[in-house]
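One structure below.
Just the heavy atoms: all of them, side chains too, but no hydrogens, waters or symmetry mates, feed the values below. No experiment lies behind these values; they were computed from the predicted model shown.
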Amino acid sequence: MNLVTTRAPAPFGRVLCAMITPFTRDGALDLDGAQRLAAHLVAEGCEGLVLSGTTGEAPTTTTAEKSALIRAVTEAVGDRARIVAGVGSNDTRRTVEEAEAAEKAGAHGLLVVTPYYSKPPQDAVAAHFRTVADAVGLPVLLYDIPGRAGTRIEPETVLGLADHPRIVGVKDCAYDILGSQKVIARTDLAYYAGCDEYSLALYAVGGAGCVSTVANAVPAQVRAVLDAYDAGDTAAARRGQLAATPLIELMMAAGLPGTVTAKALLTELGLPAGPVRPPLLPASRAVAEGLLDAYRSAKSGCQRPVDFSEPVR
């Protein structure tokens with residue numbers, strides 16, 4: 001077994017925000033808001049932005065809207081951040097079309113989710129990713145999220161895909177740190193934690209960074225955890241991760257999709273967000289107030305308990 005002994009390079013930076021897609025009050029794409037939010041996130045420490053992922057409401061935005069979003073955000077942030085476009089679907093042909101459109105619009109990389117609903121076997125999963133990566137000239141992150149896709153990208157499948165020159169990493173939402181470590185140890189793929197509660201743990205065993213939904217609200221705090229770890233101050237990294245735990249739980253694990261909670265909190269903070277598109281529904285007033293309390297705790301570094309169970313029921 002050829003074990004990799006150094007951390008894999010982070011092709012899009014260490015701290016990527018899974019950015020929400022701002023909409024106007026009537027539900028149209030808000031490109032001005034997207035530019036303002038993107039500039040804010042980058043100024044606060046995000047090295048990359050993932051557009052049109054799950055948090056970006058990819059299932060309810062069109063290819064034309066996705067391309068317009070890439071162009072607007074790229075214009076807003078210039079060379080200060082890398083732009084990764086979510087292009088995955090359950091149709092290989094449509095995924096290729098969206099990948100080509102994202103490349104033409106100026107994306108720096110692609111995020112490709114496991115084909116969902118149809119539950120393809122592992123050889124078909126691998127063929128899907130190779131087909132997409134063969135069709136474009138951009139680096140590709142595999143998006144392993146079996147809880148939503150219904151199908152895992154098994155570690156052996158990832159190992160088999162690691163030889164593709166444009167498959168450079170994984171957004172890891174599989175909650176299998178042993179499987180992740182096996183791939184990290186044997187390849188130079190960049191593993192990004194896609195679940196905020198997992199960011200420090202994966203980074204500590206050689207992960208490349210994170211693709212964070214919580215960074216929509218507290219980008220500087222998300223970055224500070226990895227900065228502290230890189231500086232050798234593991235105690236500060238631990239404190240920062242634990243201080244953010246109430247906010248992470250309320251945003252990501254309290255019964256609502258991350259895009260719903262992120263948009264509710266950003267609205268409270270006066271940042272561009274707008275409504276969610278159906279079938280999603282907006283967060284209640286009680287949830288928004290709980291989010292704001294947890295946000296203030298994370299910003300202050302407090303670890304006092306936050307009651308996040310009541311508002312979402």
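- Residues forming a side chain to side chain contact (heavy atoms under 4.5 Å, CB included) with Arg25 (at least two apart in sequence, or on another chain): none.
- Side chain of Thr261 to backbone of Gly258: a donor-acceptor contact under 3.5 angstrom is found.
- The side chain to side chain contact (heavy atoms under 4.5 Å, CB included) test applied to Ala135 returns Val96, Glu100, not counting sequence neighbours.
- With hydrogens and angles ignored, the 3.5 Å screen pairs no side-chain donor or acceptor of Glu44 with any backbone N or O of Pro219.
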Q: Show your working on salt bridge (charged side-chain N to carboxylate O under 4.0 Å, His left out) between Arg93 and Glu98 and close with a plain yes or no.
A: CA-CA 9 Å; Arg93 181 172 58 181; Glu98 292 208 350; over 6 Å; no
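- Listed by chain and residue number, Tyr203 satisfy the ring pair (Phe, Tyr, Trp, His ring centres under 6.0 Å) test with Tyr229 (two or more places apart in sequence, or in another chain).
- For Ala101, the side chain to side chain contact (heavy atoms under 4.5 Å, CB included) partners two or more places apart in sequence, or in a different chain, are Thr63, Ser67.
- If you check the side chains of Thr24 and Asp30, you find no donor sitting under 3.5 Å from an acceptor.
- When the side-chain hydrogen bond (donor to acceptor under 3.5 Å, both in side chains) test is applied to His128, the partners found at least two apart in sequence or on another chain are Thr92.
- Here salt bridge (Lys or Arg N to Asp or Glu O under 4.0 Å) pairs that include residues 61-70, with residues two or more places apart or in two chains, are Glu65-Arg277.
- Within the structure, every pair that satisfies the side chain to side chain donor-acceptor pair (under 3.5 Å) test and touches residues 154-167, not counting sequence neighbours, is listed here: Gln122-Thr157, Arg130-Asp163, Asp134-His164.
- Side-chain contact between Leu49 and Val42: present, with at least one pair of heavy atoms (C-beta onward) separated by less than 4.5 Å.
- Residues Ser89 and Thr95 have side chains that bring a donor and an acceptor to within less than 3.5 angstrom of each other.
- Residue Leu16 is found in a hydrophobic cluster whose other members, listed by chain and number, are Phe12, Val50, Val84, Leu111, Val113, Tyr116, Tyr117, Leu141, Tyr143, Ile145, Val168, Tyr192, Val211; membership requires side-chain heavy atoms under 4.5 Å apart, directly or through intermediates.
- Pairs engaging residues 137-147 under the salt bridge (Lys or Arg N to Asp or Glu O under 4.0 Å) rule: Asp144-Arg152 [sequence neighbours left out].
- Residue pairs meeting the ring pair (Phe, Tyr, Trp, His ring centres under 6.0 Å) criterion with at least one member in residues 240-261, sequence neighbours excluded, do not occur.
- Side chains of Asp172 and Ser180: a donor on one and an acceptor on the other come within 3.5 Å.
- Looking at Val205 and Tyr191, their side chains never come closer than 4.5 Å, going by heavy atoms from C-beta outward.
- Listed by first and then second residue, the salt bridge (Lys or Arg N to Asp or Glu O under 4.0 Å) pairs involving residues 72-86 amount to none (not counting sequence neighbours).
- Listed by chain and residue number, nothing satisfies the side-chain hydrogen bond (donor to acceptor under 3.5 Å, both in side chains) test with Arg71 (two or more places apart in sequence, or in another chain).
- The pair Glu57-Lys263 counts as a salt bridge, with a side-chain nitrogen and a carboxylate oxygen less than 4.0 angstrom apart.
- Under the 3.5 Å distance criterion, the side-chain polar atoms of Gln221 are left unmatched by any main-chain donor or acceptor of Ala298.
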